[in-house]
Amino acid sequence: MAYSEKVMDHFANPRNVGEIENADGIGEVGNSKCGDIMKMYIKVDNGVISDVKFKTFGCGAAIATSSMATELIKGKTIEEALKLTNKAVMEALDGLPPVKVHCSVLAEQAIKAALSDYYTRLGVDPEPIVGKIEECNHEEGCACEL
Amino acid sequence: MAYSEKVMDHFANPRNVGEIENADGIGEVGNSKCGDIMKMYIKVDNGVISDVKFKTFGCGAAIATSSMATELIKGKTIEEALKLTNKAVMEALDGLPPVKVHCSVLAEQAIKAALSDYYTRLGVDPEPIVGKIEECNHEEGCACEL
Amino acid sequence: MDKKRIYADNAATTKLSPAVLQDMMPYLTDVYGNPSSLYSVGAQAKKAVELAREDIANVLGAAPTEIFFTSGGSEADNWAIKGIAESMAKKGKKHIISSKFEHHAVLHSLDALAKKGFEITLLDVHENGIVRPEELEAAIREDTALVTIMYANNEIGTIQPIKEIGAICKKHGVVFHTDAVQAVGNVDINVKEQNIDLLSLTGHKFHGPKGCGALYVRKGLRPEILIDGGAQERGRRAGTENVAGIVGLASALKLAVSTMDERNKRLTELRDYLIDDLLKIERSRINGDRVQRLPGNINMCFEGIEGESLLLMLDLNGVCASSGSACTSGSLDPSHVLLSIGLPHEIAHGSLRLSFSDDTTKEDVEYIAKCIPPIIDRLRAMSPLWEHIKENEKKGIV
Amino acid sequence: MDKKRIYADNAATTKLSPAVLQDMMPYLTDVYGNPSSLYSVGAQAKKAVELAREDIANVLGAAPTEIFFTSGGSEADNWAIKGIAESMAKKGKKHIISSKFEHHAVLHSLDALAKKGFEITLLDVHENGIVRPEELEAAIREDTALVTIMYANNEIGTIQPIKEIGAICKKHGVVFHTDAVQAVGNVDINVKEQNIDLLSLTGHKFHGPKGCGALYVRKGLRPEILIDGGAQERGRRAGTENVAGIVGLASALKLAVSTMDERNKRLTELRDYLIDDLLKIERSRINGDRVQRLPGNINMCFEGIEGESLLLMLDLNGVCASSGSACTSGSLDPSHVLLSIGLPHEIAHGSLRLSFSDDTTKEDVEYIAKCIPPIIDRLRAMSPLWEHIKENEKKGIV
Ligand SMILES: Cc1ncc(COP(=O)(O)O)c(C=O)c1O
Ligand SMILES: Cc1ncc(COP(=O)(O)O)c(C=O)c1O
């Protein structure tokens, strides 16, 4: 259970923590029972994610993946943001312990949830664009090799 | 499995090793299968054991108990020799490990066997005097606490 | 500021005492013979092992022949529980009583037995983390093979009414095992007075070496053998003896017991001071009975934050602690101990265990007291759960 | 004459190498954290454990995830054998093949299984102390759950045809365990090439610490757990890791393997020299194959004398050796190993094992060669058994 230096950096100095007052989209995933909640705020300008902030209740990996995920989509188009996978988040953090893979899944979902909210506010059905956001199924989703 | 100093002394410098040319009685007990054979030679003068020698195939305790047993009966009357118990041999050696108790039993029996032989040679039935010499029953005779 | 390092995770493991290591050194260098062999180097090792056995027996009020060395607490627990269960099963007794918050070495041994047809009753430990003797007595049946109740809990430090439990077991003729891994060296134990039939301990919880423990087995009891083989440990636990470990185990235990009263007084004070201080934090709580607990144990929950991130922050500040958080164990559920005393999942996730030892100073505790509140503030500031709690507060929901 | 001390009982246990102790020291002092914890001291310990696992895996040609640390060889044997047996029993396979001269950790595990309804076939090891692959193959049945054959025998040092056995087991789809406690560090081992499914080893046989060993378990195999509890060893062997022991185990193994070729050449020469010399003694014999044996192992019998008294005399002369004599083990029967190669009881009682290591010098061996004959003469002179042998000789009975 050792975190990479990148993970520890993003945990100790998380980027983009906070809220956006007049966010264009807000997504919240996870639940307190499982020990992780991620809430993501986005600002969208001309199809580009001009600002993003997060709040996270969760372990070190949850905070670090939230931070990294926001960094990875900031300034990107919605299309690019939707392509962001949990694997990309993990790779950007130089890997995660197997039991923490679900945190990266959560980060990917938080972005999608925020974008869903963005489309919903615009009156557009988000599902064809964003896809269905499934709750991380801890039972099978998270390889727990420890 | 530690021997007392007395045992080690009687093992390293056994007293009365050897044979007596014209012994008045010779007794052999034990068997090679079990790993111990003791052979005891006695010379009797006026009801006194004037000389005694032994040969022993066996472990350190077997040699030490033979040595001590011969010391304890040398110069004693037959009556006294017949009273020698394995416990007395053990005590004289400052004790034996539990698994070695049977060696002291063997030493007691070797003396009795030699005395039996002595009486038999005299034409006297030894059993009423010496008692029956039973083979050491390893199954129950020897506490094996190791 | 200097880089601090305060070790406050002594319930997980302790630093090997330099004095104990000193006692072990001959057996890591010159006295390497096999205790079971005949020659002199072996005899020296043998003697050391037997002296250690006597020392441990003395501390527990047992006889040396009742002490069996093991590789630690887990092995001792497994051997005691599986061994007694299997031997009692031959008499048709297949019911075992334990508690909900035992260590996994006990609970998973019980799981294994359950798969083999044993019936397990796990007693409630209530909000204070203490088994109720009357509930234990009520659970005893005709076919009860074993009662196994830990002496002190490893997470929340609550001390169980062992003497009462021992008396009840004796009255009903039921074998009683206690996992005393957390208690040994910290609590007065006498297996005879307390009617304990089997007791597990491990060296690394009281500044002894890791990988060496012992099981006390009352004379006359014969748990089935867990590790078959050579004639070591009077034929009941095979394996070439870890001589250095065994010597260290005994040395550490003697040391721990000789300094116990003084240490307990000092640690109880430090503990209570820190608990009082940390309870000033909004929405914090202490887990487990405040009085019937190990002198060096603090276990608290802070709502709205998650334990692992608290621990990592503490580590960045030089404090090593522990958590019943799911995230530290590789499981996703929070500690079964915290759930057993009735905490909801979301609160149980935010737990912190601080555990002290002889090495812990007043300054350490003061530093910790200063360290924690800003970390909690910071984590709460980024916690959507805390946000919800606060919103609910405003709405009048508690 | 100076008081000599020659240690020739390395098959029983070895001296901890000073270099290995050096490698262990950090983990007996500063790095005391729990490998399973989150903070930095724990992470250092964790790293050390994982590096040790890699080192051991490399030596065996295995993957790190296939190595599980145990408290020694006996635990590894028990876990492998009982664990596979129990898991195969669920598939209706309850037959196990082993050999007559396995270590007691194996044989007594098999006894325990026999009591639970397993059927055990013990292969003959013949006069040379070597299992015949064709006899093994013939013994395999539909319901064979496990083959367990030791790599090298601990008393007579004979090396078994492991690769052939592995191939046969593979061909028949039978799980193959080998107790390689005596072989590891002395013999080239590659678990993949030799088709070994499980392999036991222990540190103290190659100048590592006592009380730490390992079990290699091929990926995909899941022997039932012997020690249930915490999530250590990927949930398959509970207990706080003996970090120092684990580090020492790996360090010693690397050292042993790196010096193996040179040592084996040297020891083989010393061994053969001493065997030739001792065989000059009247009515002496070498036990086990002369060629297929461990480089450092000599096992001989001298008729008419008993092993323990020979050992004690050697000890008085400063030589530590061992015997398969009953007297050294607390049992009254001579070694099952010597009986298994067809020796009659009275000859088996008079056995001597000398086992060498890196520390053994030419001078040591020469000293031993000079020491033994007069001791044997002396013991024979006081042996009534020798007297009988000689009498029978005169009568023409051999
Ligand atoms: C062949 C063999 N197997 C198993 C063992 C047991 O190993 P340990 O004593 O480390 O438990 C030994 C030595 O003691 C041995 O020689
Ligand atoms: C209560 C309790 N029981 C058992 C154990 C297991 O002991 P070990 O890690 O020495 O196997 C521990 C600690 O790890 C414990 O705290």
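Each chain gets a letter, A, B and so on, in the order its sequence line appears, and its residues count up from 1.
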What part of C/Glu241 is in contact with chain D, defined as an atom under 4.5 angstrom from a non-hydrogen atom: side chain, backbone, both or neither? backbone
Need one label for C/Asn78: side chain, backbone, both or neither, based on atoms under 4.5 Å from any heavy atom in chain D. side chain
Pairs flagged by side-chain hydrogen bond (donor to acceptor under 3.5 Å, both in side chains) wherever residues 21-35 of chain D is involved - sequence neighbours left out: D/Asp23-D/Ser251
Counting heavy-atom pairs under 4.5 Å with chain C, the top scorer among D/Lys82, D/Glu224, D/Arg237 is D/Lys82
When only pairs under 4.5 Å are counted, which of D/Thr14, D/Val20, D/Thr202 shares the most heavy-atom pairs with chain C? D/Thr14
What residues of residues 101-111 of chain D sit under 4.5 Å from chain C when you count only heavy atoms? D/His104, D/Ala105, D/His108, D/Ser109
So which residue, [options], ends up with the most heavy-atom pairs under 4.5 Å with chain D?
{"options": "C/Val243, C/Ile246, C/Asp9", "value": "C/Asp9"}
{"options": "C/Gln232, C/Met24, C/Lys15, C/Glu75", "value": "C/Lys15"}
{"options": "C/Val319, C/Leu314, C/Leu226, C/Leu16", "value": "C/Leu226"}
{"options": "C/Cys320, C/Gly72, C/Gly239", "value": "C/Cys320"}

In this structure, CD1 of D/Ile227 is separated from CD1 of C/Ile227 (nearest 0.5 Å) by 5.0 Å
side-chain contact (heavy atoms from CB on, under 4.5 Å), that's the test. Do C/Met25 and D/Leu21 meet it? Break it down for me. CA-CA 10 Å; C/Met25 282 311 281; D/Leu21 177 58; 3.8 Å; yes
Considering all heavy atoms of both residues, which atom of C/Thr13 and which atom of D/Gly33 are nearest to each other, and what is their separation? CG2-C, 3.9 Å
Locate the shortest heavy-atom distance separating D/Asn242 from C/Gly211; write the atom from each residue and the value. CB-CA, 3.8 Å
Quick one: what part of D/Ala244 sits under 4.5 Å from any heavy atom of chain C, side chain, backbone, both or neither? neither
With a 4.0 Å cut-off, would you call D/Glu86 and C/Lys115 a salt bridge? no
